[in-house]
Amino acid sequence: MDYLFYDIECSDGRHMCSFGYVITDEYFNILEKADILINPEAIFHTGAWSKKNREKDPGIELAYPKERFKANPTFPARYERIQRLLQHDDRKIIGFSHHNDALFLTVACKRYELPIIDYKFYDAQEMFGESRNIVNQVALNAIAEALEVDLSKLVQHRSDDDAEASMLVTKALCKDLGLTIEELIGHCPRCAGEVTAEGKCKYYVREAKRAEKRMRAAAVRSNRMTTKNLEEFKKYVRGLKPDPILELTFRGKKVTLNSPYEYKHFKETCLIAKEIAARGGKYVRMGSEADIYVADEQGKRCMRLPHVKRAIAAGKAVETITMGELLTRLSLTEKELENAEFPVVPEEGTPVVKKKRRRSRKKRKPSSAATANAPGAVNNDGK
């Protein structure tokens, strides 16, 4: 049995530009380490997209110049090698905050119409959280600080070095708890999961708890937008984010349903809000804010309609559509809407370990020859 730790960097928060990994034995001896560079065929922009926030959030600094990434093959040329690494017999995959990396890989597979690489995995971030009884996610640097792991010799945002950093904190956690890697995995059921052939990243314990919570809720809860449900709905909507796998067809759009439908369909409204957010939009409850208004086809009195009409009269472009049109745009069926489940709203977590940024060393700009021969780097031919 060997263990593969991997990390992915993206040029724009969505498209892969490197797949770095470290393979170790059960004693954490490094057997193989490499950084597979990829031409992302996408813009290089790691900071905030909004002009207003760009100075406040300039983004990360990648380990290589963008020209270096562009000189390498695209993802299809790297696919088989990555697939072999992740689906190798007698190997366990360990990531850190693995959900993100799994999604980046799925995005690449779907983009180039390649089969999804499915595999089982374990998450080092969840291992630490479970060992310390922490619910919230803790940053890698904060875990390294808590376990007294020195990461100063590693380059941040260089995928193979970040993979090694995940390995080092896992090794330190094993030492801290007096466990082998297999014993640690066995003691932390929360860390186990899989990437399915459909590209979904599922954590087994998390999914089971959600299913149990939904079943309990369905047995006793009202499906009307009661005061209690409304408070939960507001929390739920605040936590929604775009899905990196989907096209952002609702980017920047604010959508509202007619009030009679929303009041009688709490679960369905939550599902609709989720699908809108997944495509870059936002669900709102004020007609004056809406860019898209979903009208009631039965002509029932809607409290939001007068506000929508006033906004239109004031010159705002508001699109009025039917529920059927909305479902088509969201790729939702009537059956899926009918079977919508009560949402799982994130609970308040345990206070996290205080985070501390790892100071990145000032690096001298290497010569082209030195860069080409850097340890762990992959040549343009992928060897």
Side-chain angles (χ1 to χ4, degrees), residues 12-15 42-59 223-334 336-338 340 343 345:
D12 59 352
R14 178 180 173 87
H15 298 105
I43 191 172
F44 279 81
H45 188 340
T46 60
W49 287 88
S50 166
K51 290 182 179 179
K52 182 179 179 181
N53 297 322
R54 197 164 293 160
E55 289 185 6
K56 296 180 182 178
D57 181 15
N223 196 33
R224 293 179 180 269
M225 192 66 79
T226 60
T227 301
K228 182 178 179 180
N229 281 346
L230 178 57
E231 288 304 310
E232 184 164 322
F233 178 74
K234 290 177 180 177
K235 292 179 183 178
Y236 178 70
V237 170
R238 283 197 296 269
L240 296 177
K241 296 178 181 179
D243 187 332
I245 297 177
L246 298 176
E247 292 297 322
L248 302 183
T249 51
F250 278 74
R251 185 196 292 271
K253 297 292 184 181
K254 295 180 179 179
V255 185
T256 191
L257 298 174
N258 60 82
S259 57
Y261 181 90
E262 180 190 283
Y263 177 69
K264 292 184 178 180
H265 300 86
F266 169 65
K267 293 187 298 182
E268 293 87 339
T269 302
C270 288
L271 176 59
I272 288 170
K274 175 186 175 183
E275 294 300 324
I276 290 170
R279 291 160 176 79
K282 181 180 180 181
Y283 186 83
V284 295
R285 302 188 67 251
M286 295 181 65
S288 58
E289 294 183 357
D291 301 300
I292 299 175
Y293 170 69
V294 183
D296 178 69
E297 297 174 58
Q298 298 178 359
K300 294 180 181 178
R301 182 174 177 270
C302 173
M303 295 182 295
R304 291 172 190 158
L305 184 56
H307 299 283
V308 171
K309 289 181 176 179
R310 279 197 289 271
I312 294 173
K316 184 174 182 178
V318 181
E319 184 181 7
T320 300
I321 63 174
T322 65
M323 178 62 77
E325 289 176 285
L326 178 66
L327 295 184
T328 298
R329 295 187 191 184
L330 297 177
S331 299
L332 278 176
T333 65
E334 292 280 357
E336 288 172 324
L337 196 63
E338 181 183 336
V345 179

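Note that the numbering runs from 1 along the sequence shown for the chain. No experiment lies behind these values; they were computed from the predicted model shown.
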Heavy-atom donor-acceptor pair, R304 side chain to L257 backbone, under 3.5 Å | yes
Summary of ring-ring contact (aromatic ring centres under 6.0 Å, His included) pairs that have at least one residue in residues 275-294, sequence neighbours excluded = F233-Y283
Smallest heavy-atom separation, V237 atom then A273 atom, equals CG2-CB, 4.3 Å
Are any of the side-chain heavy atoms of R279 and S331 separated by less than 4.5 Å?
-> yes
Nearest atoms (heavy-atom pairs only) where S259 meets R301 = OG-O, 4.3 Å
N223 side chain to H265 backbone, donor-acceptor under 3.5 Å = no
pair I272-M323: side-chain heavy atoms closer than 4.5 Å | yes
Stepwise side-chain contact (heavy atoms from CB on, under 4.5 Å) test for E334 and L327 | CA-CA 8 Å; E334 292 280 357; L327 295 184; 3.8 Å; yes
Closest non-hydrogen atoms of L248 and G280, given as atom of the first, atom of the second and distance, are CD2-N, 3.8 Å
Does V255 reach the side chain of R329, with side-chain heavy atoms less than 4.5 Å apart?
-> no
Can you check side-chain contact (heavy atoms from CB on, under 4.5 Å) on L330 and I276, steps first, answer last?
-> CA-CA 7 Å; L330 297 177; I276 290 170; 4.0 Å; yes
To the nearest 0.5 Å, how far apart are OG1 in T322 and CG in D296?
-> 11.0 Å
Atom pair CG/CD of L246 and E275 - distance to nearest 0.5 Å = 7.0 Å
The reported gap from NZ in K282 to CZ in R238 (rounded to nearest 0.5 angstrom) is 10.5 Å
With sequence neighbours excluded, what pairs up with R310 under the side chain to side chain contact (heavy atoms under 4.5 Å, CB included) test?
-> P306, H307
Rounded distance [0.5 Å steps], CD in E325 versus CD in E319 | 7.5 Å
Separation between CG of N229 and OH of Y236, rounded to the nearest 0.5 Å | 13.0 Å
Going by heavy atoms in the side chains, are L271 and L337 under 4.5 Å from each other?
-> yes
Between G252 and D291 the two heavy atoms that sit nearest each other are O-OD2, 3.7 Å
Between the side chain of K316 and the main-chain N/O of A290, is any donor-acceptor distance below 3.5 Å?
-> yes
Salt bridge between R285 and E262, side-chain N to carboxylate O under 4.0 Å?
-> yes
Rounded to the nearest 0.5 Å, the CE atom of M225 sits from the CZ atom of F266 at a distance of 6.0 Å
